[in-house]
Every structure is written in structure tokens, then in C-alpha cells.
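A quick note: this is a predicted structure, and the numbers were derived from the prediction, not measured. Remember, it's 1-based here, ligands and their atoms both numbered in the order they're listed.
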Amino acid sequence: MTSVVLREMRWWDLPPVLALERSLFPDDAWSEGMFWSELAHCRGPRRSRRYLVAEDADGRLAGYGGLAAGGGTGDIQTIAAAPDRWGSGVGSRLLAELLSAATGFGCREVLLEVRVDNLRAQRLYRRFGFEPIGFRRGYYQPGNVDALVMRRADPADEQGTTIHG
Ligand SMILES: CC(C)(COP(=O)(O)OP(=O)(O)OC[C@H]1O[C@@H](n2cnc3c(N)ncnc32)[C@H](O)[C@@H]1OP(=O)(O)O)[C@@H](O)C(=O)NCCC(=O)NCCS
């Protein structure tokens, strides 16, 4: 397996990011404007987003992911790996880094939505301690597919509960 490097997503990464986004989410891909608006919140003293790309040694995009933070809650906004890299740890690397960003933003919990039929992604999330907490009916359009909402409490909080509970 060739190694990948994670770094902050910048606007000049958007062409390959959008190409991968459109190939992985053909029905409900984010627009370029949506990515621009997320990246606008990634810098500065009031930043509330962390967006990452994973890159091969030759600079090819291997994956990307993003987190939004606010009010002590983090939200995994998007996470994706290039299909020829699936199963090689790119998704795990991105998720680990986004969770560490959530801690940096002071988040006490992290939430996400995932299609009920996306078992591969759900396995990844469960491995990182996310647990199902509910459904959003018809969240994904078109197709009217439900979203499973998953939550990961800050592990430090969980530990505190065990010790003091
Ligand atoms: C979901 C997704 C991001 C996972 O990315 P990934 O890079 O395949 O994830 P990982 O490789 O870290 O983990 C996947 C599996 O590979 C295994 N794996 C990890 N590193 C590995 C390695 N070096 N060699 C072999 N297998 C490995 C993991 O154990 C894991 O197994 P599991 O599914 O049984 O838990 C990817 O499948 C994807 O982009 N899907 C399409 C977009 C999508 O659905 N995004 C989520 C929207 S909510």
C-alpha cells in the first residue's frame, strides 16, 4: 500500500474533490459553491470547520472529509475515499483526524448522518465509537432514503462517567 498524507483542503483542491464527490454521490453531490462556503469557515480566529484531503505520494487525491463545529457539537459533514483505495485505511485516517479536530474545537459530542443502506460507512463509524441514536426519514433525496443518525460522545466524558458514575 502506498502511503497517503493528510493536509488541509484548499480551494485549488476543489476540481479533483468535486470529481470524486460526483462519482461517489451521483444523486446528491455537493456543488462547488457548497464546498467554497465550507472552506470559507476553515480559517481565522472564528473558524468552525476542518476540511482535509488525503493525497498519494504523487499528489493524487485519495480522499477527503470535513467537520463542522458549533455549540460543543461536531458534525461529520462529509467523508470519502477514492474507490481504488477503499479498505486501505484512508477513511479511518480522515475520520481520526476529524475527531481530533472536534476535540480541538471543544466538542463534547460528534454527530453524523449516514444512509441506512451504507453499511460500509456505518462499520467504519461504529469502529470509532459512533452509536445509532435515531433516523431522519427521507433525508436523502431523490430516492427518499432514510438517514441513520449516529453519535460519538467525547471518550473523556465517557471515561469520567465510568470513574465517577
Ligand atoms: C466509507 C468510506 C469513506 C470508507 O473508507 P475506507 O478508506 O474504505 O475505510 P478504511 O479502509 O479505513 O476502513 C474500511 C475497512 O477496511 C479495513 N482496512 C483498514 N485498513 C486496511 C488495510 N491497510 N488493509 C486492508 N483493510 C484495511 C478496515 O478494517 C475496514 O474494515 P471494516 O469495514 O470491516 O470495518 C469509503 O468506503 C467511501 O468513500 N465510500 C463512499 C462514500 C461514502 O459512503 N461516504 C460516507 C458517507 S456518510
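Under a 3.5 Å cut-off, the side chain of Q122 and the backbone N or O of R115 do form a donor-acceptor pair. W11 places no side-chain N or O within 3.5 Å of a backbone atom of W36 that could act as its donor or acceptor partner.
Polar contact with ligand 1: absent for V114 (N/O pair, distance under 3.5 Å). No N or O atom of Y125 sits closer than 3.5 Å to an N or O atom of ligand 1. Not one N or O of F25 is nearer than 3.5 Å to an N or O of ligand 1, by distance alone. An N or O contact shorter than 3.5 Å is missing between L124 and ligand 1 by distance. An N or O contact shorter than 3.5 Å links I79 to ligand 1 by distance.
A pairwise comparison of heavy atoms in E21 and F35 identifies OE1-CZ, 3.7 Å as the closest pair. When all heavy atoms are compared, the tightest approach of R93 to L6 is O-CD1, 3.5 Å.
Within the model, atoms CD of E109 and CG of L111 stand 4.5 Å from one another, a figure rounded to the nearest 0.5 Å. To the nearest 0.5 Å, atom CZ of residue R43 and atom CZ of residue R50 are 9.0 Å apart.
Neither the backbone nor the side chain of Y140 has a heavy atom within less than 4.0 Å of ligand 1. The backbone of E113, and not its side chain, has at least one atom closer than 4.0 Å to an atom of ligand 1 (non-hydrogen atoms only; backbone = N, CA, C, O). Looking at N118 against ligand 1, only its side chain comes within 4.0 Å, counting heavy atoms. With a heavy-atom cut-off of 4.0 Å, A121 touches ligand 1 through backbone and side chain alike.
Between the side chains of E113 and Y140, not a single donor N or O lies within less than 3.5 Å of an accepting N or O.
With A81, G87, G65 as candidates, the residue nearest to atom 8 (O) of ligand 1 on a non-hydrogen basis is G87. Of the candidates A62, G89, P83, A82, G89 brings a heavy atom nearest to atom 20 (N) of ligand 1. Ranked by closest heavy atom to atom 23 (N) of ligand 1, the top entry among G91, A54, A80, S88 is S88. Residue R127 holds the heavy atom nearest to atom 31 (O) of ligand 1 of all those in R85, R127, Q122, R115.
Annotation: cation-pi geometry not satisfied between R137 and Y139 (NZ/CZ under 6.0 angstrom from ring centroid, within 45° of ring axis).
R7 and D13 are joined by a salt bridge, as a carboxylate oxygen and a charged side-chain nitrogen come within less than 4.0 angstrom of each other.
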